[in-house]
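What follows is a set of notes on a single structure, which appears directly below.
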2 protein chains.
Amino acid sequence: MSDAQAALNRRPAEKEGEERHEAIYRAVSDAIVEQRLKPGARLREDALADVFGISRTGIRKILQRLALEQLVTLTPRRGASVTRPTAEEAKDVFDARQLIECGLMPDVACRIGASEAAELREMAHQERQALRSGKQSMAIRLSADFHVRLAQLSGNATLAEFVERLCSRSSLILAVYGHRGHLGCESHDHDDLIGYLEAGNGERAKAFMSRHLKAIAASLSMVEEGEALPDLSQVFRNYTSQ
Amino acid sequence: MSDAQAALNRRPAEKEGEERHEAIYRAVSDAIVEQRLKPGARLREDALADVFGISRTGIRKILQRLALEQLVTLTPRRGASVTRPTAEEAKDVFDARQLIECGLMPDVACRIGASEAAELREMAHQERQALRSGKQSMAIRLSADFHVRLAQLSGNATLAEFVERLCSRSSLILAVYGHRGHLGCESHDHDDLIGYLEAGNGERAKAFMSRHLKAIAASLSMVEEGEALPDLSQVFRNYTSQ
DNA sequence: ATGCTATTTATTGTATACAGTAATTCCATC
DNA sequence: GATGGAATTACTGTATACAATAAATAGCAT
């Protein structure tokens, strides 16, 4: 009753509906990228609808968008859950980043100006600060934001969008295969990179980005963990030994 | 082959709903890529729902997916229409193809085998045949399919998906900026490319692909046409002559 | 006749109701 | 006590109804 009335009261909302949807999308997306929603976590439509105060219709739309970006997996009659990337997907994503992000460095080096460099330095600064003050979730997202902003500076919106998706998925990959406490990006790498770019040295920036991404990929422990199967295999060992 | 047979054989009446959605998505997507639905064409939800015999709910889902792939644009209260790419988007798309597809050639050259090469040759053959028999729509799609299949052979599913999206958008770009009767890909380019790949010459294939894509991009006439403005300018000419 | 306003119409946006399916629990049986 | 099966439950899939808005049209005034 009071729910219905409240819903009616805050229901004039002409254009707010759209912005609200976008805000909810961002909220869920950020939660996933920041690893506050961990891979495998179920995302029930009812629950999300209750939390955000819209109907399941709107939630489904958002969930589908996230599914197309491969942040959530939508299994036919089982609903949505945060995707748990496979080792193969992880390899693909980092290979793709290697190809695209490195390939963009020369363009970025050409187009970067003083104000853009300053903006990037500010982002790198915030990232380091978040890391120092233990705000790991924020640091993860800021690191991804840095890479995305970099790609945007290339001037190619299409490739920038690809990089955005790859970075989001990378957060998921780090959540599953990364060592605890070790984030993807070393603190000073980003600053060094800005230096090369600002100097207009695209090739050097490209090589540096390549090493940077290789280092992240190398830091992952590429073992896929089964869910409840490990226990079962232990049982099997006991039986086969007899 | 085995896929098609399997698809035909399994007829559990319940699951058809899903496959039906996929089929409808394919139908609309193909119609756009094959330029039977031209840029700017409106896609009313009711009309599509009637044609395919499902409710608007399902249509909306499909429309949103197409919007995320940038094949249709979804303007807030005006509905869906086939997107009309801007000149800038066209440049971005072909630059992206240059970076990604060329970058994949060495990998493809490494992984390609006799059967894959034969499959590609068959596709190139069908494409030529469609072109000869005047089936332009089919030829356009087959050409895109060739590029996509090539990317899939790299083994990187993520990048292959990107290429798929870029090729779809390229069809749209050709529809708007391409010269009449001149399709993107020259008939023998694809065969030559297969030759280099089968010989394991990744670098040569890469260079060839680069020229191939540059040739397509160069064949476009990059003038953006306003909608109803041309008529207006004609009127202006008549008036100014008096 | 033209321009402005009001009404109607066409079309999308959102919620909700209902149906169908997988998961769970409980009971009976071995 | 465990296992198989039936009833219940919880959740998603789909359609439909209703609300809201922009486009189209008609009517009115100047």
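No hydrogens, no waters, no symmetry mates; every other heavy atom, side chains included, goes into these values. Chain naming here is simple, since letters A, B, ... match the order of the sequence lines and numbering starts at 1 in each.
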Task: Residue met sooner reading DNA chain C from 5', once D46(B) and S55(A) are mapped to nucleotides - done: D46(B)
Open item on the list: To the nearest 0.5 Å, what is the distance between NZ on K91(A) and OG1 on T158(B)?
Closed with: 11.0 Å
Task: Protein-nucleotide distance (R77(B), atom CZ; dT12(C), atom C1'), rounded to Å - done: 8 Å
Task: Members of residues 56-67 of chain B that approach DNA chain D, where some heavy atom sits under 4.0 Å away - done: T57(B), K61(B)
Task: Main-chain N/O of F52(A) paired to R20(A) side chain as donor or acceptor, under 3.5 Å - done: yes
Open item on the list: Is R44(A) close enough to dC11(D) that one of its side-chain N or O atoms is under 4.0 Å from OP1 or OP2 there?
Closed with: yes
- [ ] Please report, rounded to the nearest Å, how far the P atom of dT11(C) is from the CZ atom of R42(B).
- [x] 7 Å
Open item on the list: Rounded to whole Å, how long is the line connecting atom CZ of F52(A) with atom C1' of dA15(C)?
Closed with: 18 Å
TODO: Supply the atom-to-atom distance L159(B) CG to F162(A) CZ, rounded to the nearest 0.5 angstrom.
DONE: 9.0 Å
Task: Interatomic distance where CD belongs to E45(A) and C1' belongs to dT14(C) [whole Å] - done: 15 Å
TODO: Using atom CG of D50(A) as one end and atom P of dT16(C) as the other, report the distance to the nearest whole Å.
DONE: 11 Å
Task: Separation of atom CZ in R78(B) from atom P in dT12(C), rounded to whole Å - done: 10 Å
- [ ] Starting at CD of Q35(B), measure out to CD1 of I140(B) and round the result to the nearest 0.5 Å.
- [x] 3.5 Å
Task: I32(A) side, atom CD1; S168(A) side, atom OG - distance, nearest 0.5 Å - done: 9.0 Å
- [ ] Measure from CZ on R20(A) to P on dT14(C) and round the result to the nearest Å.
- [x] 12 Å
Task: Side chains of S170(B) and R97(B), donor plus acceptor under 3.5 Å - done: yes
